[in-house]
Structures are given as C-alpha cells and as structure tokens.
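Comments concern the structure below.
Order of the sequence lines sets the chain letters (A, B, ...), proteins ahead of strands, with each chain counted from 1.
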4 protein chains.
Amino acid sequence: MKAKKENQENGAPLSKSALRRQREREQRLETILGAAQTLFAGEGYHKASMEKIADSAEVSVGTLYFYFKNKEDLLVKLLSQIGFDLRNMLGAAFKSADISMEGIREAGRIFFAEFCPHYPESIAIFFRESVGQSELVEAHRKKIFDKLIDDVRQALIRVCDNQGARFQSDLSAEVMATSIMGMFERIAYQYLIWQDRSEDLAVIGQDAVDFIIGGIERLFR
Amino acid sequence: MKAKKENQENGAPLSKSALRRQREREQRLETILGAAQTLFAGEGYHKASMEKIADSAEVSVGTLYFYFKNKEDLLVKLLSQIGFDLRNMLGAAFKSADISMEGIREAGRIFFAEFCPHYPESIAIFFRESVGQSELVEAHRKKIFDKLIDDVRQALIRVCDNQGARFQSDLSAEVMATSIMGMFERIAYQYLIWQDRSEDLAVIGQDAVDFIIGGIERLFR
Amino acid sequence: MKAKKENQENGAPLSKSALRRQREREQRLETILGAAQTLFAGEGYHKASMEKIADSAEVSVGTLYFYFKNKEDLLVKLLSQIGFDLRNMLGAAFKSADISMEGIREAGRIFFAEFCPHYPESIAIFFRESVGQSELVEAHRKKIFDKLIDDVRQALIRVCDNQGARFQSDLSAEVMATSIMGMFERIAYQYLIWQDRSEDLAVIGQDAVDFIIGGIERLFR
Amino acid sequence: MKAKKENQENGAPLSKSALRRQREREQRLETILGAAQTLFAGEGYHKASMEKIADSAEVSVGTLYFYFKNKEDLLVKLLSQIGFDLRNMLGAAFKSADISMEGIREAGRIFFAEFCPHYPESIAIFFRESVGQSELVEAHRKKIFDKLIDDVRQALIRVCDNQGARFQSDLSAEVMATSIMGMFERIAYQYLIWQDRSEDLAVIGQDAVDFIIGGIERLFR
DNA sequence: TATGAATGAGGGTTCATTCAT
DNA sequence: GATGAATGAACCCTCATTCAT
C-alpha cells in the first residue's frame with residue numbers, strides 16, 4: 001500500500017496531525033531526493049548505491065523503497081523535478097518573447113546566469129547521469145527535452161510572426177529550437193561540468209545567445 | 001615477447017609468419033571492437049557484458065582481456081576510434097573553410113548526410129553510451145570534444161579573418177564552436193537516436209547549418 | 001487489559017458494549033483469517049506478504065500483529081481451523097462406523113464430494129502451503145494428521161472387532177489408517193489442485209473408497 | 001555462454017584433457033547437487049541460502065550460478081534426479097508385474113526397505129521441500145508424480161488383464177494408482193520424516209502393501 | 001485499539017576480472 | 001596466445017516486524 005494518498009487532492013479538510021504527517025512525508029521525500037541528487041551528481045548514478053543514499057539521507061534502505069519504487073524511479077522523479085524547475089524558470093521568459101528578441105535573450109540569461117550556477121547538480125544529472133541509463137529514463141529525458149524544445153519553438157514562431165517573417169517549414173522551427181537546446185546543453189556541459197567556470201557562464205552565455213539571435217535574425221532579412 | 005612487439009614498431013623487417021600474425025591480431029582487434037560497438041549501441045554499455053561481447057566476437061573472455069586492459073579500456077578505444085573517424089571525415093571540410101562559408105556548410109553535410117546515417121552506432125556510443133561512465137571515459141570524451149571544437153574554432157577564425165571581421169575575444173570563437181558542436185550533437189540525438197529519421201537528416205542538417213551560418217554572418221555586418 | 005480478557009473466559013456477564021466489542025473482534029479475526037486463506041492458497045505462503053493480507057482484509061499491518069503473533073502464527077491458526085473443520089465434518093461418519101463399511105464410505109463421500117469442492121483453499125493450504133514451512137508449522141500439521149489418522153484407526157478397529165476379525169498388530173491398524181489418509185491427500189492434490197476436476201471428485205472418490213474397502217475386507221476373509 | 005557443451009552427445013572423440021575437464025565438471029555438478037540436497041533436506045529450501053550451499057560444496061557463489069541458472073533451477077535439477085532414481089529403482093519391479101502380485105509387492109519392498117532408508121534426503125526433498133515452492137517446481141513435481149502413477153497404472157492393468165479381470169474404467173486404474181502413490185508418500189512422510197523409524201519401514205511397508213494388494217484383489221472376485 | 005511509516009537483516013543474483021591449463 | 005571455469009565483492013530489493021502516534 002505504498003503512498004496510498006500521494007497527493008491528497010480532494011477537498012476534504014485534513015486534521016492537524018494528518019497535516020503534520022503529510023508535511024513530514026514531503027520533507028522526507030525532499031531529503032531523499034536531495035541526497036540522491038548530490039550523490040548521483042557527485043559519484044555518478046551507478047556508484048551511488050541505495051545504501052549510500054539511505055545513509056546520506058539518514059534513513060534506512062527500506063524507507064527509500066517506501067517512497068520510491070526502485071532506484072530507477074528515484075532517478076526518474078529527480079529528472080521530472082529538474083525538468084519542472086527548468087521549464088518553470090524559463091517559462092516566463094519564453095512567454096514574453098514577442099516582437100523583440102528580448103524574451104530569448106532573457107531565457108538564455110536565466111539559464112546560464114541563474115540556473116547553471118545555482119543548480120550545477122541538476123545540470124549534471126540532466127545532461128550526464130541520466131543519459132543512456134535505461135529505456136524508461138531515456139523516455140523521460142526525451143519528454144523533458146521535447147517540452148523544452150517546444151517552448152522554444154513556440155517562442156520562435158511568435159517572434160517570427162510578429163516580425164512578418166516565416167519559417168520555411170514547421171520542421172525548420174523545430175530544428176532551430178532543437179539546435180538552441182543543444183547549444184545550451186553543450187555549453188553547460190563544457191563550462192560547468194568539465195571546467196568549473198560558473199562565474200564566467202554569464203558572459204559565455206551572452207556570447208552564445210548573441211550567436212543564436214544572429215542565426216534567428218537571418219530569417220528577417 | 002616485448003622484443004617482438006618492439007620489432008613491430010621500428011623499421012625492422014618482419015618475417016612472413018610474423019606479418020601474418022600481426023595481421024590476424026589486427027583483424028581480431030577489429031572484430032572485437034566491432035562486436036563491442038554493436039552491443040554497446042544496442043544493449044547499452046552496462047547491459048553488454050564481457051561475456052556477451054566475447055560470444056558476439058567469437059572469442060573467449062580471456063582473449064578480450066588479452067587485447068584490452070578491461071571493459072573501460074574497450075570503451076575508451078572505441079571512443080578514440082570514433083573520434084578519429086569523425087575528425088578524419090570532417091577535417092578536410094574544416095580546412096577548406098576560408099573566405100566563404102562553404103567549408104562549414106560542407107562539414108555539416110558530411111556529418112548529417114554521411115556520418116550519421118552510415119555510423120549510427122558510433123553516434124549512439126559517442127553521444128549516449130559513453131556519457132558519465134567513469135572519470136577516465138569522461139576525460140577521453142572531453143579530449144575528443146575539445147579537438148573537434150578546436151577544429152571548428154580555427155575554421156571560424158580563418159573565415160572571420162578573411163572577411164575582415166573579428167571575434168570580440170578568443171572566448172567568443174570558442175563559445176561559438178562549442179555551440180555548433182552542441183547543435184550537431186542534439187540534432188543527431190533527437191533525429192537519429194530518439195526518432196529514426198535518418199533519411200530526413202540531410203534536410204534537417206541543412207536547416208541547422210543555415211541557422212549556424214546566419215549566426216556567424218552576423219559578425220560580418 | 002488482562003482483567004477484561006479474563007472476564008470473557010469466566011462466566012461473568014459482559015456489558016453490552018463489551019459484547020459488541022467481542023463480536024467485532026471475532027468478526028475481524030475471521031476476516032483476517034479469510035483473507036490470509038485466500039492469499040495463501042492463491043499466491044502461496046511466501047508471496048502473500050503481510051501487507052497484502054492486511055490490504056485484502058481491509059485492516060492495517062499493525063492490526064494483523066495485534067491479532068496474531070506473527071505470520072507463522074497466522075498460518076498455524078489457519079491450519080488449526082482447517083483441521084478442526086475437517087475432523088468436524090468427518091467425525092460423525094467415523095463414529096458411525098461399526099459393523100458395516102458404511103461409515104468409512106460416508107467419510108470418503110464427505111471428504112471428496114463435500115469438503116474438497118467447497119473448501120479447495122483449505123485443501124491447498126493443508127496439503128500444499130503449509131508443507132515444510134517451519135518446524136512449528138510442521139509440528140501442527142503432524143498433530144492434525146495424527147488426530148485424523150487416529151480417527152480412522154479407531155473406526156477401523158471398531159469395524160474389525162465387530163466383524164470378528166483382528167489386526168495383526170496395533171501398528172497394522174495405524175499403517176492402514178495412514179495409508180488411507182495418504183490416498184485422500186494425493187487424490188485431492190491430483191484432481192483438485194493440479195487438475196481442476198472438482199465435479200468428477202465424487203466419482204473419483206468413490207473409486208478410491210472402493211479400493212480402500214477392498215483392502216480392509218481382506219482382513220475378514 | 002553457460003554450459004555450452006552440457007552433453008557432448010556427438011560422436012566426436014574427446015581429447016584427454018577435454019575428457020578430464022568433462023569429468024571434473026560432472027564431479028563438481030554432483031558435489032553441488034549433493035550439498036544442496038543435504039542443506040535443503042536439513043535446513044529447508046528457504047533457509048538454505050545460496051551462500052551456505054556454496055560454502056558447503058566448497059565453491060564460490062558464482063560457481064553455483066555457472067552450473068545452475070538460479071536457486072529454483074537447483075531444486076528442479078535435484079527433483080529430476082530424484083524422480084529419475086525412483087523410477088529407475090522401481091522400474092524393473094513394475095515391469096515384472098504380470099500374473100501375480102509379486103511385482104507390486106517387490107516395488108513396495110524396494111521403496112520402503114531400500115529407497116527410503118538409503119535416501120531419506122531425497123524423500124524429504126520430494127515430499128516436503130519441493131512442495132508449493134513455485135509454479136515451475138510444482139510443474140516438475142507433477143510430471144514426476146504423473147510418470148510414477150502411470151508406471152503403477154500400467155502394472156495394474158497388466159495384472160488385471162492376466163487375471164481376466166477388468167477395471168470399470170480407465171479412470172479407475174488411474175485413481176487406484178494415484179491412491180497407491182499417496183499411500184507410499186504419506187507412510188514415508190509419517191515414519192521417515194516425522195518419526196525416524198527407518199528400521200521399521202520394511203515391516204510397515206509390508207503392511208501397507210498387503211493393504212494395497214487386498215484392495216486390488218477385490219477386482220478379481 | 002488501530003495505524004502505517006520506518007527499520008534493516010538477509011537474500012538472490014550479476015559480472016568484471018583472473019589464472020591454470 | 002587462447003581458453004573458459006572460477007571467483008567474490010557488490011548491488012538491488014523484499015518483507016516480517018516494531019512502535020510512536
């Protein structure tokens with residue numbers, strides 16, 4: 001009977017103790033996810049054994065399996081959270097993309113100057129540890145990528161429309177959005193994971209965004 | 001035994017049987033690498049056990065350890081070969097990049113229209129299976145990426161010089177080159193590994209390259 | 001708490017609420033035993049976890065441990081109940097065995113035509129799930145078998161006496177009774193557990209009983 | 001590539017070393033099966049961990065998994081061997097069953113006076129440890145029982161034919177054979193596993209066989 | 001009484017690696 | 001050089017049992 005309630009989303013009022021228990025539950029879940037995130041990012045997904053994670057989260061192995069179906073599930077949940085956080089932070093910027101390129105530029109700034117330096121572990125997990133681990137994890141990675149790419153694609157189309165320009169095809173916009181994701185990804189990997197130049201990332205990100213915008217503006221000529 | 005090996009490395013003439021043995025040795029090495037490549041790409045690095053690889057290459061497990069120090073070494077060697085092949089195919093194109101953008105365009109064409117459809121397993125290993133496996137493997141991945149990025153960077157600088165333009169900084173060129181690598185990577189991942197649209201890759205690649213060139217040309221305005 | 005329990009065991013009158021509580025307690029106990037019986041028979045003793053049993057009985061795991069010392073105890077109680085039910089149903093028949101073989105025949109009919117088709121789960125637990133689980137459970141199984149065998153033995157001796165025949169030894173009667181139990185057991189296992197021919201069991205049982213009676217009557221020649 | 005050769009049943013002559021290796025292989029297999037048999041019978045299937053078995057057989061855990069797919073497979077192989085041994089020992093007696101009951105009597109003698117006292121562990125595994133362990137094991141148990149029952153059934157039919165008697169139906173013979181198996185089983189369980197009266201088993205077995213024969217002869221009246 | 005989250009020992013299994021032949 | 005049986009550490013996971021609420 002694992003996680004029978006999960007999300008008590010019905011409107012029934014909860015008793016005080018029930019509320020507290022739910023809060024504790026969520027706290028513990030966060031603690032575990034945090035420990036897993038740190039260990040996955042630090043030692044790698046495979047070297048981070050369930051026992052290590054349990055120790056690090058100061059719970060027993062059994063508790064891990066009470067909150068998560070298995071190790072893979074732990075990674076998937078972590079991934080979902082990262083994906084949610086990312087889209088959450090970038091969402092507003094993308095939505096503000098209209099006539100000018102400012103929305104795009106802002107999204108780049110948020111990613112490189114805010115997200116990367118503050119959540120390097122998330123970057124490591126999203127771009128390194130979750131790669132090629134299993135079909136299920138890949139499916140989740142793909143879903144997150146697809147959503148992010150779609151966010152970018154829609155922003156691009158909106159800007160274009162407003163500028164009176166047009167993409168040659170639907171595919172073109174998708175390819176451009178995909179390209180942008182790839183640029184973000186590799187620059188984060190290169191300058192945050194492989195080199196630790198998190199202070200330079202703001203500048204580096206600007207360069208990258210300039211490059212991107214140059215590529216986009218070509219459409220308006 | 002050591003003496004024999006040294007023979008192979010200096011100019012001393014080899015006896016007929018020694019020649020044959022060396023040839024056989026290289027063939028067997030290739031066979032093993034091929035089997036490993038197929039299994040790594042197909043089942044994943046971890047699920048592809050040394051036993052499976054040995055079976056697939058029709059040798060014994062012991063033989064694997066005669067030719068390769070350990071499983072990690074097998075992946076590293078595979079990676080080196082892939083890196084070599086990639087640079088080999090793209091090298092000429094990059095070197096031909098001078099005034100016009102044709103060299104860049106040609107490199108993109110070779111990558112998307114030639115390399116990807118012909119060596120999907122190499123793509124899967126380079127961009128998926130070798131990611132986050134160990135410090136050593138990551139070091140090799142980084143080295144290959146660094147070289148490729150440097151190839152692109154030099155081509156970019158040459159084109160710029162010839163156009164009378166200049167990068168704001170050395171970093172800018174590097175960032176641009178890194179971005180380009182990221183685009184190639186993600187597009188290959190998206191349209192070759194996740195979706196199987198190898199026939200569309202030529203067109204998709206052209207779109208991506210157009211995007212890149214647009215970004216670059218901005219420098220010349 | 002102890003005092004209350006003792007109340008239930010002496011003749012002291014119980015208050016209305018106490019009565020209700022006792023009734024509820026017994027109902028709950030039955031519910032749990034029922035759920036356990038179904039799960040043990042359906043999934044097997046080991047695969048039926050305490051959590052599954054709790055879920056199925058719509059109580060919490062803790063409640064299980066309030067009513068039963070541990071999982072083994074649950075099986076033992078179940079076994080006792082089955083043993084009691086069996087002897088209860090067969091008892092009258094055995095006691096009626098006097099001159100003729102009709103008592104024996106009736107006991108066989110009850111077992112194969114009544115008990116087996118109506119309580120296949122009991123059969124599965126008694127003859128399959130409780131086998132070789134632990135020393136304690138084996139001890140209980142043995143006790144039940146011993147009692148049943150003794151019932152048969154006494155019936156056999158009575159019939160013999162009345163026919164003026166005699167067993168060679170006390171052991172002979174016991175061996176014969178044991179044999180009869182073995183026949184009942186294996187036929188139930190074969191035609192109820194392994195094959196599902198519960199409708200044929202009545203006929204099959206008659207055949208078996210004829211065989212038995214033939215063996216017994218030999219003593220009277 | 002586990003057990004690639006298993007049974008080198010082609011006619012190719014084996015080299016000396018290959019012969020030795022095969023012999024060693026078979027010896028080790030026997031050693032493991034022996035250790036497993038002793039532990040399964042002594043501690044019970046579940047309490048006998050793979051590590052204990054490995055220790056007892058003086059091999060490593062890995063070696064266990066080289067020779068057997070998993071723990072269940074170990075039990076199944078053991079069961080098959082026991083089934084083979086049983087039929088082997090009883091086979092000749094059953095085949096000799098023709099006009100008289102001597103074949104049947106002989107089979108009983110072999111089972112109770114030879115097999116049981118010499119192979120009590122086999123009895124414990126066949127009748128106790130392998131019961132209700134898994135669907136696969138049950139399937140194997142059933143197959144063995146079916147074969148033994150069929151051996152008995154054919155012997156019964158042969159004796160009947162020669163006596164000019166007839167079974168009421170095909171089912172009758174099967175039921176009688178099944179009954180006999182059940183008698184053998186429970187007597188062995190009662191007097192060998194639960195009580196240790198292996199010296200009395202010969203006498204007890206005779207009583208049981210007399211009972212059986214009485215039951216059979218009824219057909220000839 | 002009832003709950004169910006937490007525990008942690010224990011089990012089965014895998015697989016990279018070694019080494020005698 | 002080649003073989004493949006043997007090793008054993010390490011891992012993931014289960015589940016009976018407990019106990020604070």
The reported gap from CD in A:Q133 to NE2 in B:H46 (rounded to nearest 0.5 angstrom) is 7.0 Å
Between D:L64 and A:E51, the residue closer to the 5' end of DNA chain F by nearest nucleotide is D:L64
Between protein and nucleic acid, restricted to nucleotides 18-21 of chain E and to nitrogen or oxygen atoms under 3.5 Å apart, what atom pairs and distances do you find?
from, atom 1, to, atom 2, distance (Å)
E:dT21, O3', D:R20, NH2, 3.2

To the nearest angstrom, the CG-C1' distance between B:L75 and E:dC15 comes to 17 Å
Measuring only between side-chain heavy atoms, which start at C-beta, is B:Q81 closer than 4.5 Å to B:E30? yes
D:Y45 six-ring centre to D:K71 NZ/CZ under 6.0 Å and within 45° of normal = yes
In whole angstroms, the gap separating C1' of E:dT1 from CZ of C:F66 amounts to 6 Å
Separation between OG (B:S130) and CG (B:L79), nearest 0.5 Å, reads 4.5 Å
By nearest-heavy-atom nucleotide on DNA chain E, the more 5' of D:K71 and C:V59 is C:V59
To the nearest angstrom, the CG-C1' distance between A:N70 and F:dC11 comes to 13 Å
Q. Any donor-acceptor pair under 3.5 Å linking the side chain of C:T31 with the backbone of C:A57?
A. no
Discussion item. Looking at C:S60, I'd like to know whether one of its side-chain N or O atoms comes within less than 4.0 Å of OP1 or OP2 on E:dT3.
Written reply: yes
inquiry  = Applying a 4.0 Å non-hydrogen cut-off, can you work out what C:Y67 is touching in the nucleic acid: base, sugar-phosphate, or nothing?
reply    = sugar-phosphate
When rounded to the nearest 0.5 Å, the distance separating CZ of D:F126 from CZ of D:R141 is 6.0 Å
Rounded to whole Å, NZ of D:K47 lies from P of E:dA9 at a distance of 17 Å
Here the distance between atom P of F:dC13 and atom CD of A:E72, to the nearest Å, is 9 Å
*asked:* Do A:I53 and A:V61 make a side-chain contact, defined as non-hydrogen atoms from C-beta onward lying under 4.5 Å apart?
replied: no
Rounded to the nearest 0.5 Å, the CG atom of C:L29 sits from the NZ atom of C:K77 at a distance of 8.0 Å
Taken to the nearest whole Å, CG/B:L29 to C1'/F:dA2 is 15 Å
Here the distance between atom P of E:dA6 and atom CD of A:Q27, to the nearest Å, is 12 Å
Considering only heavy side-chain atoms of D:R28, the closest of F:dA6, E:dT17, F:dA2 is F:dA6
By nearest-heavy-atom nucleotide on DNA chain F, the more 5' of A:M50 and C:H46 is A:M50
From OH of C:Y45 across to C1' of F:dC15 the rounded distance in Å is 12 Å
Q) Hey, are the side chains of B:L74 and B:I32 touching, using non-hydrogen atoms and a 4.5 Å cut-off? A) yes
Applying salt bridge (charged side-chain N to carboxylate O under 4.0 Å, His left out) to C:E24 and not counting sequence neighbours gives C:R20
**OP:** Describe the nucleic acid contact of D:T63 in one word from base, sugar-phosphate, nothing, applying a heavy-atom distance below 4.0 Å.
**Re:** base
Every stem of 3 or more Watson-Crick or G-U pairs under 3.5 Å that DNA chain E joins, in order of first number, is E:2-21 with F:2-21
